[in-house]
**Q** 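Starting off with a structure, shown below.
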Amino acid sequence: MKFCVTTPIYYINGEPHIGHAYASIAADILARFRRLDGSEVHFSTGTDEHGIKVARSAETASMDVHKFSDLMSQGFRDLGKLINLSQDDFIRTTEERHILSSQKLWRLMADDIYKGSYSGWYSARDEEYVSEEDVVDGKAPSGAPVEWMEEESYFFRLSAYQDKLLELYEKNPDFIAPVSRRNEVISFVKGGLKDLSISRSKFDWGIPIPNAPGHVMYVWIDALANYITSLGFPENTHRVSEMMANCVHVVGKEILRFHAVYWPAFLMSAGLTLPKRIFAHGWWTSEGQKMSKSIGNVVDPQKTIEKYGLDSVRYFLFREIRFGEDGDFSEKALQQRISYDLANDLGNLVQRVLAFIQKIGGLRVNYDFTDAEMPLFEDSRNLVEKLRILVDKQDLHGALIEIWKLVSASNKFVNDMRPWELAREDDNRLNLVLTALCESLRAIAFGIAPFMPDTARKIFDFMNVEGKSFKEIEANFSDQVFPSPFLLFPRE
RNA sequence: CGCGGGGUAGAGCAGUCUGGUAGCUCAUCAGGCUCAUAACCUGAAGGUCGGAGGUUCAAAUCCUCCCCCCGCAACCA
């Protein structure tokens with residue numbers, strides 16, 4: 001099985017914040033799950049570095065634009081390290097391989113590209129076109145005066161793809177997720193598609209268009225192409241095709257249209273394989289308010305992770321809200337999740353079971369389960385299959401809930417079975433109960449492994465489990481003494 | 001009449017398609033247990049289901065009207 005997952009490539013015109021971390025961790029969880037499940041995975045992330053805004057920011061910072069890009073891109077690479085990203089490739093749109101790839105894509109789309117002229121209200125001060133509705137009294141929203149401009153531009157015949165796109169959405173109901181977003185896109189496309197201006201000639205910080213001096217590509221062509229560059233385009237066409245067919249693009253809802261409309265149209269035009277799914281995630285507010293620099297409530301991934309721990313934050317982001325919806329990031333909510341879900345439920349379960357086994361001198365297995373242990377055992381062995389279905393739908397929130405059902409069931413099982421009494425009265429039953437609990441702990445550890453790799457690793461080590469593949473769940477435990485467990489989420 | 005989603009316990013949500021005693025998580029209160037990170041388990045309280053009208057033996061659920069909130073509405077990464 002092949003699986004490909006991507007994060008958006010991040011525009012380097014700003015510092016990494018929790019939103020970037022969120023998208024990246026989502027993709028990381030999907031990648032890790034599929035690796036544990038035995039798939040061949042390609043997981044790419046990277047930075048988008050061209051465009052007028054970057055050129056201008058470099059100027060403002062009095063830096064050479066290449067140097068500026070190196071610096072800003074590194075910030076996102078560092079973020080990846082911070083959040084334990086398991087990417088297979090970090091791509092920069094300024095790399096040679098990507099320039100060649102984008103130009104090749106352009107050539108393949110040539111039949112749908114024509115030269116025309118682009119006209120609109122242009123703000124010289126902002127160096128950008130302003131849409132009709134935004135022009136008030138001859139002024140841009142920034143207050144700068146606008147003038148009617150016309151320039152030579154290349155256009156992509158997007159209008160020719162309206163029906164094909166609608167057919168795509170119709171035939172592949174899961175192409176765009178979540179459903180609410182899908183409806184928005186369909187309604188947008190049904191509203192009629194205009195041809196797209198795909199070149200710029202007012203600045204040169206972009207990928208040169210083949211045989212068109214003075215023109216660089218519209219950043220979105222360049223940005224979207226990163227996904228196939230990373231897969232080896234244009235050389236390795238077989239792999240590109242194979243992987244794209246199994247590719248999930250995780251994107252922010254603000255860039256859904258580019259991925260769900262333009263990108264498939266470009267690929268159709270170039271005769272390339274379309275991705276399997278575009279998944280649009282929501283946005284985080286901070287303490288109930290929109291994150292903004294002026295309010296000063298922007299959540300800094302670095303500080304948050306330093307304070308609360310990486311796995312706790314990774315858990316929180318996907319447990320607190322359904323993936324795809326908006327949510328609120330508050331320290332109180334984060335602290336509660338850590339305390340209740342992680343320390344009290346999961347951490348305490350691991351501790352009470354493993355410390356107990358340690359106390360009685362090790363695990364002596366007994367798999368001749370009775371009706372008392374069987375349900376827990378079966379739930380443990382069936383967990384991955386349930387998660388597979390959910391993760392396939394990118395329902396990461398649902399997956400965590402499913403795992404926590406087993407955590408709760410296990411805690412209840414301990415209460416009901418009272419192993420501390422069995423230790424005095426009934427060795428046979430004690431072994432049955434502890435064997436069933438080891439099974440559930442191992443299943444839980446595998447379940448959380450994509451979400452909280454470090455925490456899962458600790459549990460695996462506590463139990464002498466390798467932790468490399470879901471297949472390990474199928475093997476029975478043997479009699480053994482485990483290493484001493486320590487607290488997974490200690491209180492301050 | 002631009003398109004779409006939503007308004008259900010203090011908070012966040014499920015239930016609406018296929019009408020029939022209103023459910024989940026957290027918070028609150030009480031009890032149980034004591035292996036464990038003062039953790040865990042059980043039970044209780046709490047809602048005129050945005051408003052009005054209608055259909056029906058019966059409406060959160062179907063119909064009509066109204067109020068409120070939120071997305072999308074192209075060159076913005």
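Letters A, B, ... are given to chains in the order of the sequence lines, protein chains preceding strands, and every chain is numbered from 1.
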**Q** Over how many whole Å does the gap from A:E254 atom CD to B:rC76 atom P extend?
**A** 15 Å
**Q** Compare side-chain N and O positions of A:N415 against OP1 and OP2 of B:rU42 and report whether any pair is under 4.0 Å apart.
**A** no
**Q** Need the pair for B:rG4. Rule: Watson-Crick or G-U wobble, both distances under 3.5 Å, any strand; none if unpaired.
**A** B:rC70
**Q** Counting only side-chain heavy atoms from C-beta out, which of B:rC76, B:rC40, B:rU34 sits nearest to A:R418?
**A** B:rU34
**Q** Hey, could you give me the CE/OG1 distance between A:M291 and A:T285, rounded to the nearest 0.5 Å?
**A** 7.0 Å
**Q** Base, sugar-phosphate, or nothing for A:D345, non-hydrogen atoms under 4.0 angstrom?
**A** sugar-phosphate
**Q** Just checking A:K190: base, sugar-phosphate only, or nothing, at a heavy-atom cut-off of under 4.0 Å?
**A** nothing
**Q** Taking atom P in both B:rG10 and B:rU48, compute the distance separating them and give it to the nearest angstrom.
**A** 9 Å
**Q** Ring-on-base stacking between A:W420 and B:rC35, under 5.5 Å between centres and under 30° between planes: is it there?
**A** yes
**Q** What are the two closest non-hydrogen atoms of A:S269 and A:D112, and how far apart are they?
**A** OG-OD2, 2.6 Å
**Q** Pick base, sugar-phosphate or nothing for A:F188, based on heavy-atom distances below 4.0 Å to the nucleic acid.
**A** base
**Q** If the cut-off is 4.0 Å, is A:R257 near the phosphate of B:rA73, judged by side-chain N/O to OP1 or OP2?
**A** yes
**Q** With both distances under 3.5 Å as the test, what is the Watson-Crick or G-U wobble partner of B:rA44?
**A** B:rU28
**Q** May I have the distance from A:D326 (atom CG) to B:rC72 (atom P), rounded to whole angstrom?
**A** 9 Å
**Q** Taking the P atom in each of B:rC3 and B:rC66, what is the distance between them to the nearest angstrom?
**A** 14 Å
**Q** Are A:E152 and A:K115 side-chain neighbours, meaning at least one heavy-atom pair lies under 4.5 Å?
**A** yes
**Q** State the pairing partner of B:rG23; accept Watson-Crick or G-U wobble contacts with both distances under 3.5 Å, and report none otherwise.
**A** B:rC13
**Q** State which residue, out of A:Y315, A:F451, A:F318, fulfils the ring pair (Phe, Tyr, Trp, His ring centres under 6.0 Å) condition with A:W404.
**A** A:Y315
**Q** I'd like the C1' distance from B:rC75 over to B:rG54, given in whole Å.
**A** 49 Å
**Q** Rounding to an integer number of Å, can you tell me how far A:F329 CZ sits from B:rA11 P?
**A** 23 Å
**Q** Between B:rC76, B:rC13, B:rC75, spot the one nearest the side chain of A:R322, thanks.
**A** B:rC13
**Q** Provide the Watson-Crick or G-U wobble partner of B:rC75, both distances under 3.5 Å; none if there is no partner.
**A** none
**Q** Using a 4.0 Å heavy-atom cut-off, does A:K412 contact any base of the nucleic acid, only the sugar-phosphate backbone, or nothing at all?
**A** sugar-phosphate
**Q** Taking the side chain as C-beta and beyond, is there a heavy-atom pair between A:S440 and A:D379 under 4.5 Å?
**A** no
**Q** Between C1' on B:rA14 and CD on A:E325, what's the gap in Å once rounded to a whole number?
**A** 12 Å
**Q** From B:rC75, B:rA74, B:rU34, pick the nucleotide closest to the side chain of A:Y118?
**A** B:rC75
**Q** Taking the P atom in each of B:rC17 and B:rA73, what is the distance between them to the nearest angstrom?
**A** 32 Å
**Q** May I ask you to decide if A:T455's main-chain N or O and A:D311's side chain share a donor-acceptor pair within less than 3.5 Å?
**A** yes
**Q** Applying a 4.0 Å non-hydrogen cut-off, can you work out what A:R424 is touching in the nucleic acid: base, sugar-phosphate, or nothing?
**A** nothing
**Q** Output yes when at least one side-chain N/O atom of A:Y340 is less than 4.0 Å from OP1 or OP2 of B:rA27, else no.
**A** yes
**Q** Any base atoms under 4.0 Å from A:F489, or only sugar-phosphate, or nothing? Heavy atoms, all strands.
**A** base
**Q** On RNA chain B, compare the nucleotides closest to A:V407 and A:A223; which residue's is nearer the 5' end?
**A** A:V407
**Q** How is A:G347 classified with respect to the nucleic acid when contacts are heavy atoms under 4.0 Å: base, sugar-phosphate, or nothing?
**A** base
**Q** Under 4.5 Å between any side-chain heavy atoms of A:I403 and A:I444, yes or no?
**A** yes
**Q** Rounded to the Å, how far apart are A:I186 CD1 and B:rG2 C1'?
**A** 17 Å
**Q** How is A:G192 classified with respect to the nucleic acid when contacts are heavy atoms under 4.0 Å: base, sugar-phosphate, or nothing?
**A** base
**Q** Let me spell it out: for each of A:L193 and A:A355, pick the nucleotide of RNA chain B with the closest heavy atom. Which residue's pick is nearer the 5' end?
**A** A:A355
**Q** Let me know the distance between CD of A:E287 and P of B:rG12, rounded to the nearest Å.
**A** 15 Å
**Q** Taking the same atom, C1', in B:rA30 and in B:rC69, what whole-Å distance lies between them?
**A** 39 Å
**Q** So A:L488, base contact, sugar-phosphate only, or nothing? Heavy-atom distance under 4.0 Å.
**A** base
**Q** Hey, are the side chains of A:I52 and A:R200 touching, using non-hydrogen atoms and a 4.5 Å cut-off?
**A** no
**Q** Distance between the P atoms of B:rU42 and B:rC24, in whole angstroms?
**A** 12 Å
**Q** If the P atom of B:rA14 is compared with that of B:rA74, how far apart are they to the nearest Å?
**A** 29 Å
**Q** Just N and O in the side chain of A:R181: are any of them under 4.0 Å from OP1 or OP2 of B:rG4?
**A** no
**Q** Flag the pair A:M268 / A:L168 as yes when at least one side-chain heavy-atom distance between them is below 4.5 Å, and no otherwise.
**A** yes
**Q** Rounded to whole angstrom, note down the C1' distance from B:rA59 over to B:rU8.
**A** 14 Å
**Q** Between C1' on B:rU37 and CD1 on A:I338, what's the gap in Å once rounded to a whole number?
**A** 14 Å
**Q** I need the CG-P distance between A:N348 and B:rC35, as an integer number of Å.
**A** 13 Å
**Q** Could you let me know what B:rU64 is paired to, Watson-Crick or G-U wobble, both distances under 3.5 Å, or none if it's on its own?
**A** B:rA52
**Q** Would you classify A:V185 as touching base, sugar-phosphate or nothing, given that sugar-phosphate means primed atoms plus P, OP1 and OP2, and contacts are heavy atoms under 4.0 Å?
**A** nothing
**Q** Students often get this wrong, so: under 4.0 angstrom with heavy atoms, is A:K359 touching a base, only sugar-phosphate, or nothing?
**A** sugar-phosphate
**Q** Can you figure out which of B:rC35, B:rC76, B:rC41 approaches the side chain of A:R352 most closely?
**A** B:rC35
